[in-house]
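For reference, the structure is listed below as structure tokens.
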Number of protein chains: 2
Amino acid sequence: MSLAQLEYFVVVAEEGNLGRAAKRLHVSQPPLTRQIRALEDELGAPLFARTPRGMTLLPAGRRFLTHARDVLERLDRARGAVREASDIDEPTS
Amino acid sequence: MSLAQLEYFVVVAEEGNLGRAAKRLHVSQPPLTRQIRALEDELGAPLFARTPRGMTLLPAGRRFLTHARDVLERLDRARGAVREASDIDEPTS
DNA sequence: CGCGCCCATACCGATTGGGTATGGGAGCGC
DNA sequence: GCGCTCCCATACCCAATCGGTATGGGCGCG
């Protein structure tokens, strides 16, 4: 599992559609297909139902979505914590 | 930034030493050197002080450590959430 | 000074990841 | 039913990433 996969997953879940998600992520659609599938394989359960209209979250996917967002948010805070620390050393540099 | 880098960082911080951390992580020492440096480069601040005795956390590193552990813990919960969900579908299979 | 313990660098091979091109299913208008 | 459109999936290729071995350089200790 990679952080990119988590972000891809969140965006695909939000867009409900690989094509639009790909544009938002500035990647092409095939890598998205692969990464989402790799994520599902690793987790051992499908996260989306593939319909002719797009990708819709399954129950497992809904549960995972909350946690995935949580992980990404905590990651942002981690980055922020380092910036704060260096701000202490170099206040207004 | 990658999840592997976060885990590498946590273990190096705990061991205070690249060699021991490498053993615990089942990788060799050079990749650790590189990944830790890449992490520092991306964050824009050094996390460790390199001494002849090993690697000791700097203030920025200490702050980051807490958050890094948090991210990894949330990731475990995310995995767990999917397992729970599939347990509902397949209780004791 | 020779040895041990550190981390850093150089180089190489294997894996991963993204891109283009293409296919196949499902709905819609005519 | 044909053609058009909008989906996702697959095949194939190239570039970037990652990990491993080999090696070097600093530092302390007997």
Side-chain angles (χ1 to χ4, degrees), chain A residues 1-62 64-65 68 71-72 75 79 82, chain B residues 1-62 64-65 68 71-72 75 79 82:
Chain A
M1 188 175 326
S2 72
L3 292 168
Q5 285 173 345
L6 290 181
E7 193 179 348
Y8 289 1
F9 166 75
V10 170
V11 173
V12 170
E14 285 173 1
E15 297 291 340
N17 177 310
L18 285 182
R20 276 194 300 275
K23 286 198 172 162
R24 237 178 90 184
L25 290 163
H26 303 106
V27 295
S28 58
Q29 171 254 317
L32 273 187
T33 297
R34 286 191 302 252
Q35 295 296 335
I36 296 293
R37 171 163 286 281
L39 182 59
E40 291 175 322
D41 287 351
E42 184 177 342
L43 290 172
L47 302 172
F48 291 102
R50 276 74 168 172
T51 77
R53 319 277 268 174
M55 318 266 290
T56 62
L57 279 174
L58 295 174
R62 265 190 289 276
F64 189 68
L65 178 57
V71 170
L72 296 174
L75 185 68
R79 290 191 232 259
V82 173
Chain B
M1 189 176 324
S2 72
L3 292 168
Q5 284 174 346
L6 290 181
E7 194 179 349
Y8 288 1
F9 167 75
V10 170
V11 173
V12 169
E14 285 173 1
E15 297 292 341
N17 176 309
L18 285 182
R20 278 194 300 274
K23 287 197 171 160
R24 237 179 89 183
L25 289 164
H26 303 106
V27 295
S28 58
Q29 170 254 318
L32 274 187
T33 297
R34 285 191 302 252
Q35 295 297 334
I36 296 294
R37 170 163 288 282
L39 182 59
E40 291 176 322
D41 286 352
E42 183 177 342
L43 291 172
L47 302 172
F48 291 102
R50 275 77 169 170
T51 78
R53 320 277 267 174
M55 317 265 291
T56 62
L57 279 173
L58 295 174
R62 265 191 287 278
F64 190 68
L65 178 57
V71 169
L72 295 174
L75 185 68
R79 290 190 232 260
V82 172

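Convention: sequence-line order gives letters A, B, ...; per-chain numbering from 1.
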Atom-pair distance ([atom1] on [X]; [atom2] on [N]), nearest Å:
{"X": "A/E42", "N": "C/dG17", "atom1": "CD", "atom2": "P", "result": "11 Å"}
{"X": "A/L18", "N": "C/dG19", "atom1": "CG", "atom2": "P", "result": "14 Å"}
{"X": "B/R20", "N": "C/dC7", "atom1": "CZ", "atom2": "C1'", "result": "13 Å"}
{"X": "B/M55", "N": "C/dC7", "atom1": "CE", "atom2": "P", "result": "6 Å"}
{"X": "A/R50", "N": "C/dA26", "atom1": "CZ", "atom2": "C1'", "result": "17 Å"}
{"X": "A/L39", "N": "C/dT16", "atom1": "CG", "atom2": "P", "result": "16 Å"}

Q. When you list every nucleotide of DNA chain D with an atom under 4.0 Å from a heavy atom of chain A, which one comes first 5' to 3', and which comes last?
A.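 Contact boundaries, 5' end first: D/dC7 to D/dC12.
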Q) What nucleotide, of C/dT20, C/dG17, C/dG19, holds the atom closest to the side chain of A/Q35? A) C/dG17
Could you tell me whether [X] and [Y] make a salt bridge, using a distance below 4.0 angstrom between a side-chain N and a carboxylate O?
{"X": "A/E42", "Y": "B/R79", "answer": "yes"}
{"X": "A/E15", "Y": "A/K23", "answer": "no"}
{"X": "B/E40", "Y": "B/R50", "answer": "yes"}

Q. Does A/R34 make a side-chain donor-acceptor contact with the base of C/dG18, cut-off 3.5 Å?
A.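 Yes, the side chain and the base share a sub-3.5 Å donor-acceptor pair.
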Q) Between A/Q29 and A/Y8, which is nearer to the 5' end of DNA chain C once each is assigned its nearest nucleotide? A)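 Final value for this comparison: A/Y8.
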Q: Provide the closest heavy-atom pair for B/L18 versus B/L32 in the form atom of the first, atom of the second, distance.
A: O-CD1, 3.5 Å
Q: Check whether any side-chain N or O of B/N17 sits under 4.0 Å from OP1 or OP2 of C/dC7, and answer yes or no.
A: yes
